[in-house]
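Atoms considered below: every heavy atom in the structure, side chains included; atoms not considered: hydrogens, waters and symmetry mates.
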Number of protein chains: 2
Amino acid sequence: MPRELVYFSPTLSPRDYRRKVSDIFSQELSRQGLRMTSQRRRILDELMNAERHLSEKEIYRSLASSGIGRTTVFRTLKVLRECRLVEQVSGTDRPRFELRWERPHHDHLVCISCGHIREVRWPKLEAIQERTCRKIGFVPKWHRHEIFGLCAACSR
Amino acid sequence: MPRELVYFSPTLSPRDYRRKVSDIFSQELSRQGLRMTSQRRRILDELMNAERHLSEKEIYRSLASSGIGRTTVFRTLKVLRECRLVEQVSGTDRPRFELRWERPHHDHLVCISCGHIREVRWPKLEAIQERTCRKIGFVPKWHRHEIFGLCAACSR
DNA sequence: ATGCCTGCAAACGTTTTGCACATAG
DNA sequence: CTATGTGCAAAACGTTTGCAGGCAT
């Protein structure tokens with residue numbers, strides 16, 4: 001069973017933040033009898049250094065030159081999802097992968113013109129959701145909330 | 001450019017409802033210089049008669065016996081999406097297709113155990129979304145809101 | 001040393017495309 | 001009649017799996 005989702009304090013420095021996420025990955029792996037490898041480390045780094053949410057293809061293209069195979073990217077993303085460190089979200093086109101340990105949960109505004117993804121936090125929405133789910137006996141595990149449209153720049 | 005999304009009054013009888021959706025499809029097609037065919041009619045019928053949201057595979061399996069090819073199902077679903085009559089949503093496994101003209105917009109509670117999809121209407125959520133989007137200049141076109149978890153039956 | 005991990009290639013399932021024929025308008 | 005639509009087969013992708021060798025522990 002995966003550990004509980006815990007958020008970092010925003011006071012963590014970028015360096016410490018990366019170290020911490022890396023440590024959690026190692027711990028999760030050994031807890032499951034799995035091993036930390038250079039490939040897994042690199043794929044996680046790639047996700048941590050990215051500005052946007054990456055697709056499998058983008059990760060592969062960045063790392064292929066260092067000899068990492070496509071299969072490994074797929075398999076590592078699967079492991080990261082099982083560790084609840086990464087979440088799969090649906091972009092305009094292909095699935096994309098997002099680190100869950102970065103910031104509190106947020107939803108996405110996806111621009112259908114330029115592809116830009118903006119993150120929004122909606123605590124009020126989350127509260128309403130939780131209440132409704134409780135009322136009808138649905139036990140929510142995670143959710144995906146994406147609004148597609150035109151960003152401010154593209155709508156002019 | 002696609003027409004605006006309009007909802008039917010719930011007082012429409014099932015028969016009239018079907019006729020109306022069909023008519024809208026024909027109009028949309030001719031507006032774009034495309035043609036209504038028996039295959040397209042059947043695929044739309046299949047979606048209108050379904051209880052659940054169907055996948056491409058399910059539609060194909062139902063209609064293959066009447067000689068409709070897989071390619072045609074894919075192409076018709078694409079046309080239906082472009083006409084804004086059908087929306088593609090992500091099930092637990094494969095993409096599923098949902099008629100947009102059936103009822104007011106709703107969100108989905110997807111059970112990760114039995115796969116059941118329950119629909120919820122959240123006008124309050126929609127209002128909050130709209131307000132936020134307006135504030136930051138984002139023009140929303142459509143959205144996808146799916147909560148994954150355990151339905152009442154499976155959570156016991 | 002053992003057992004998990006990796007990369008390759010091959011298998012698989014889904015979606016798209018090229019082409020000749022059919023058909024709606 | 002003409003341009004669009006259809007079905008087939010093949011191609012093109014995305015993703016998974018089997019296997020021989022590599023490496024973390």
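- For the atom pair CE (M36(B)) and CD (Q27(B)), the distance works out to 10.0 Å, reported to the nearest 0.5 Å.
- When rounded to the nearest whole Å, the span between CE of M36(A) and P of dT6(C) equals 11 Å.
- A salt bridge is defined here as a Lys NZ or Arg NE, NH1 or NH2 lying under 4.0 Å from an Asp or Glu carboxylate O, and R96(A) with E58(A) meets this definition.
- Distance CG (L77(B)) to P (dT6(D)): 12 Å, rounded to an integer number of Å.
- Remark: the backbone N or O of R35(A) is paired with a side-chain donor or acceptor of R40(A) at under 3.5 angstrom.
- Following rounding to the nearest Å, R41(A) (CZ) and dT6(C) (P) show an atom-to-atom distance of 12 Å.
- Distance from the side chain of Q39(B) is smallest to dG7(D) among dG7(D), dA24(C), dT6(C).
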Could you go through nucleotides 13-23 of chain D and list every protein N or O atom that sits under 3.5 Å from one of its N or O atoms, giving the distance for each pair?
none

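- Interatomic distance, W122(A) CH2 to D107(A) CG, rounded to the nearest 0.5 Å: 6.0 Å.
- Between the CD atom of Q32(B) and the P atom of dT4(D) there is a distance of 13 Å, rounded to whole Å.
- Considering only heavy atoms from C-beta on, H145(B) stays 4.5 Å or farther from V120(B) through its side chain.
- Following rounding to the nearest Å, Q27(A) (CD) and dT25(D) (P) show an atom-to-atom distance of 14 Å.
- With respect to the salt-bridge test (charged N to carboxylate O, under 4.0 angstrom), the residues E126(A) and R121(A) do not qualify.
- Rounded to whole angstrom, the span from the OH atom of Y60(B) across to the P atom of dT6(D) amounts to 15 Å.
- Atom pair I68(A):CD1 and dC8(C):C1' shows a separation of 15 Å (rounding to whole Å applied).
- A straight line from CG of L29(B) to P of dA24(C) spans 14 Å, rounded to a whole angstrom.
- Here S30(A) does not reach the OP1 or OP2 of dT25(D): none of its side-chain N or O atoms lies under 4.0 Å away.
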